[in-house]
Each structure stands twice: as C-alpha cells, then as structure tokens.
Amino acid sequence: MDVQKIRKDFPILQREVNGHPLVYFDNAATSQTPLQVIDVIADYYKKYNANIHRGVHTLSQEATDAYEAARQKIQKHFNAAHAHEIIFTSGTTHSINIVSNGYEQLLVPGDELIVSALEHHSNIVPWQMLCEKSGAVLKVIPMNEGGVLLMEEYDKLLSEKTKLVFVNHVSNALGTVNPIAEIIEKAHAVGAEVLIDGAQSAPHIQADVQALGVDYYVTSAHKLCGPTGIGMLYGKASALNRLPPYQGGGEMIAEVTFEKTTYAGLPHKFEAGTPNIAGGIAFGAALDYINSIGMTEIAQYEAELLAYATASLLKIPGVKIYGVAPEKTAVISFNVQGIHPYDIGSILDKMGIAVRTGHHCAQPIMDYYHIPGTVRASLSFYNTYEEIDRMLEALKKAIQMLQ
Ligand SMILES: *Cc1c(COP(=O)(O)O)cnc(C)c1O
C-alpha cells in the first residue's frame with residue numbers, strides 16, 4: 001500500500017487547520033471522500049441528472065442504469081444472493097428504523113429482543129420505541145472492563161421468547177470487534193432473527209452476508225469513503241418480505257386506487273419517493289475505490305497503525321485507554337487522568353488535529369466506566385505514523401498546559 005499516493009486522492013488532507021496541516025483522526029464519525037467518488041457525483045449532475053425508474057428519455061435511462069449498477073456492486077461486495085435484497089436508505093439509522101418499525105406487526109407482548117451493552121444510540125433507541133409500542137422486552141448482553149461482551153451471559157438471555165437480536169459488528173466507541181458469527185448462530189438456534197449494525201465494520205472488515213447467514217445487515221456509505229445521506233439495508237428476501245413498508249408514496253406501489261393500494265416487490269417496497277440518486281451511484285464508486293486498495297491490505301495497515309498508536313499513547317503518564325479487546329479496529333478511546341476530554345480535544349484542534357470527544361452516541365458505555373466521555377482517535381488507511389507522532393506531541397503539550 002502506497003499511503004502517500006493514496007493521500008493524493010483526498011484533496012481535504014492537503015488543507016490546513018489553525019495554521020497546521022490537518023491530521024484527520026475522526027474517521028469513525030465520518031471518513032473523507034476521494035476524488036474518484038467526488039468526480040462520480042459531479043459527473044452525475046453535469047451529464048445525466050434525471051429521475052429514475054420512470055422516464056422513457058435517455059437521461060432517465062442512464063441514471064436508472066447507473067443507480068441499479070451501484071446496487072449490484074453493493075450486492076457483490078457484501079455477497080448478497082440477490083440485488084433486490086439491497087435496499088437503498090439514507091444510512092444506518094434509517095435502515096434500523098425500517099426493521100424496528102416493521103417488527104411491530106411481528107411481536108406480541110412478552111416477546112424478547114436482545115441488544116448488546118456496546119451499541120450506538122441508533123441501535124438502541126428505535127428498539128426502545130418498538131418495545132413501548134409492542135409490549136416486547138429489551139434484554140442487554142453485558143460487557144466486561146475490557147469492552148468485550150460476556151458471551152456466557154448471552155447464552156442465558158436466549159430462549160424461545162427471543163425474536164430478534166441486534167448488535168454492532170464493531171463498536172464505534174471502543175473499536176471492539178464482536179463475535180457476530182457466534183451471536184448469529186446461537187440466535188438462529190432458538191429461532192430468532194439477527195440484525196447486524198455494520199456502520200463501523202464495513203470500512204475495515206469484509207462482511208459476507210450469506211456466509212454469516214445474517215437476516216439483516218445495515219451500513220452507511222459516509223464511513224467508507226462515500227457521501228453522507230446514503231446507506232443500505234440488506235435483508236434476506238424472506239425476512240424483508242415479512243416486513244410491511246416503512247413509508248408510503250411514489251415508487252413503492254404496484255397499483256393505486258382510492259379503494260386499495262398494492263405494494264411493489266423488493267426492493268421498491270422500501271424505497272418510497274425520489275431517492276438520493278447521486279449518493280447511491282457514489283456509494284458504488286466508494287466500494288470500487290476501497291476494493292482497488294484491497295480490504296485485506298487496509299485491515300493489515302490499520303492494525304499496524306493501531307498497535308503503534310496504542311503503545312506510544314501508553315508511554316504517556318496518566319493515559320488510560322478504554323476498550324482493550326484482543327480483536328479491535330483502529331479506534332482508540334482514551335482519557336488523561338484529571339483532564340476533561342473536551343479540553344484535550346480543543347487544544348488538539350488548535351494544533352490542526354481532529355479527534356472526537358464526548359460520549360460518541362454510546363452513553364451506556366460511558367456510564368459503565370463512570371466517565372462523561374473520552375477522547376477518540378479513529379484511524380483510517382490514509383493516516384500515517386507521522387500523524388500519530390504529531391498527535392502524541394500535541395497531547396504532551398496539552399497535558400502540560402492543563403495539568
Ligand atoms: C455511525 C454509526 C451509526 C449511525 O450511522 P448514521 O450514518 O449516522 O445513520 C450506527 N452504528 C454505529 C456502530 C455507527 O458507528
């Protein structure tokens with residue numbers, strides 16, 4: 001992997017922030033966008049901007065073909081059996097809400113749903129809303145101090161009352177990689193379905209939905225070098241066919257009269273209204289870009305960066321890292337004794353270094369550790385060892401100033 005060459009694809013990495021070259025370490029919140037993806041978006045608006053699936057004219061046909069070709073790229077990347085099992089959504093949050101909303105019809109009071117202690121709010125709140133409406137009960141797989149799920153507790157929670165299990169593949173707050181193959185297998189053994197939140201894993205780990213046998217897998221394009229406002233819901237056709245539509249409108253119907261409307265088949269049943277056409281096409285281009293570098297190469301380089309950053313950070317007195325699972329992506333959540341994470345984040349920003357501070361949309365994890373939040377440095381394949389060194393130098397200065 002030629003990182004310096006790759007960095008030239010990202011114009012934003014050349015800019016300065018507060019008089020310093022930007023160090024972008026907030027990749028778990030959103031990744032940067034390469035020219036190859038930006039150009040695809042610009043091309044769409046310059047050359048063939050038109051609504052899809054309805055026009056007889058050439059532009060509409062070109063836009064439809066590009067949008068459907070992107071769906072096929074996504075299908076291939078995640079190894080779904082059929083293109084119609086890929087639903088375009090506005091992102092992970094939207095995808096989860098389609099399933100949680102549809103599940104209301106499938107539950108009776110007393111049914112149980114299982115979530116993990118390591119989730120992003122978008123994989124907690126929609127299910128709490130579902131429990132309120134349906135009378136289902138939410139159970140939580142606990143974690144240990146290292147940020148690892150207690151699988152023996154999961155075994156105890158599972159029963160024939162369990163209807164759905166939803167966990168993230170990778171925790172955005174700690175970087176823990178969860179044992180999703182085992183989670184899926186055990187849920188299926190009691191007849192429950194499984195939704196995997198892949199927002200944080202898709203940029204770093206190749207997921208094969210058929211090999212996993214997962215019922216639903218969701219992700220957002222903006223964390224894997226694509227634009228914001230576009231994502232996907234993968235569902236087995238048999239699972240998606242059980243769910244009612246989420247929104248009504250154009251595109252999602254077979255026939256409409258004032259007496260009765262019949263719905264379209266997959267994927268259109270879940271795609272009401274004019275979608276984010278340029279975004280969908282760019283999602284496909286982002287996967288092309290990542291695959292041109294190679295998922296294996298990306299994972300290996302990021303693991304090396306993580307090991308280097310972790311070892312270097314631990315040499316600084318007072319630093320505590322949260323999340324020390326043996327299997328982690330390049331997310332480092334840490335605090336310095338006696339200093340509020342926000343103060344560190346602000347000083348790092350003054351030196352051009354972008355990190356996230358706060359609860360990272362995962363308040364239950366912060367509550368577990370009895371902390372208000374952490375400083376989170378999340379790395380990507382376009383980051384370098386020199387950038388890590390710059391963060392460490394800046395952090396040492398910040399500590400001097402604040403202590
Ligand atoms: C970012 C993230 C989400 C939410 O994704 P949106 O694109 O904001 O909908 C959900 N889960 C995890 C693990 C995430 O990292």
Side-chain angles (χ1 to χ4, degrees), residues 24-33 37 74 78 87-101 115-129 140-141 143 147-149 165-180 183 194-205 207 214 216-234 246 270 275-276 279-280 282-283 286-287 302 322-323 325 327-333 354-366 373-374 376-380:
Y24 187 75
F25 281 169
D26 195 17
N27 294 287
T30 200
S31 57
Q32 294 304 342
T33 320
V37 173
I74 298 167
F78 293 101
I87 312 295
F88 279 116
T89 66
S90 69
T92 301
T93 303
H94 179 198
S95 303
I96 292 172
N97 276 277
I98 291 175
V99 180
S100 66
N101 187 74
V115 66
S116 97
L118 276 173
E119 300 304 311
H120 188 284
H121 294 164
S122 61
N123 202 24
I124 301 174
V125 182
W127 306 111
Q128 289 174 323
M129 293 162 69
V140 185
I141 313 168
M143 67 183 217
V148 176
L149 293 180
V165 177
F166 27 92
V167 295
N168 55 31
H169 192 173
V170 171
S171 155
N172 69 304
L174 304 182
T176 308
V177 180
N178 289 319
I180 58 166
I183 288 172
V194 180
L195 177 144
I196 296 295
D197 170 355
Q200 208 55 241
S201 57
H204 311 285
I205 303 171
V214 68
Y216 304 101
Y217 181 94
V218 300
T219 196
S220 301
H222 71 93
K223 290 184 181 168
L224 42 81
C225 296
T228 55
I230 188 81
M232 69 129 182
L233 160 62
Y234 158 79
Y246 180 55
F270 294 107
N276 179 353
F283 187 172
L287 291 178
E302 289 177 349
Y322 297 89
E327 243 199 292
K328 268 186 76 169
T329 59
V331 169
I332 311 168
S333 247
V355 293
R356 184 83 148 199
T357 66
H359 56 59
H360 318 297
C361 298
Q363 277 180 356
I365 299 179
M366 304 301 133
T374 67
R376 183 185 69 185
S378 51
L379 315 180
S380 175

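All residue numbers refer to positions in the sequence shown, counting from 1. For ligands, and for the atoms within them, numbers begin at 1 and follow the listed sequence.
Heavy-atom proximity to Ser122, at under 4.0 Å, picks out these atoms of ligand 1: 3 (C), 4 (C), 10 (C), 11 (N). In the vicinity of Ser220, heavy-atom distances shorter than 4.0 Å reach the ligand 1 atoms 5 (O), 6 (P), 7 (O), 9 (O). Atoms of ligand 1 lying under 4.0 Å from at least one heavy atom of Asn172, given by number and element, are 15 (O).
Which of Thr89, Thr219, Asp197 comes nearest to atom 13 (C) of ligand 1 through a heavy atom is settled by distance: it is Asp197. Considering His94, Lys223, Gln200, Glu119 only, the shortest heavy-atom separation from atom 2 (C) of ligand 1 involves Lys223.
With hydrogens and angles ignored, the 3.5 Å screen pairs a side-chain donor or acceptor of Ser31 with a backbone N or O of Cys225. Although no hydrogens or angles enter the test, the distance criterion places a donor-acceptor pair under 3.5 Å between the side chain of Thr30 and the main chain of His222. Panel note: side chain Arg376, backbone Asn172; a donor-acceptor pair is recorded below 3.5 Å.
Exactly one residue among Glu119, His120, His121 makes a side chain to side chain donor-acceptor pair (under 3.5 Å) with Asn123. That residue is Glu119.
For atom 8 (O) of ligand 1, the closest heavy atom belonging to the protein is Thr93 OG1, 3.8 Å.
Every residue two or more places apart in sequence or in another chain was checked for a side-chain hydrogen bond (donor to acceptor under 3.5 Å, both in side chains) with Thr33, and none qualifies. Taking Phe270 as the reference, nothing meets the ring-ring contact (aromatic ring centres under 6.0 Å, His included) condition, with sequence neighbours excluded.
Not a single N or O atom of Asn168, backbone or side chain, sits closer than 3.5 Å to an N or O atom of ligand 1.
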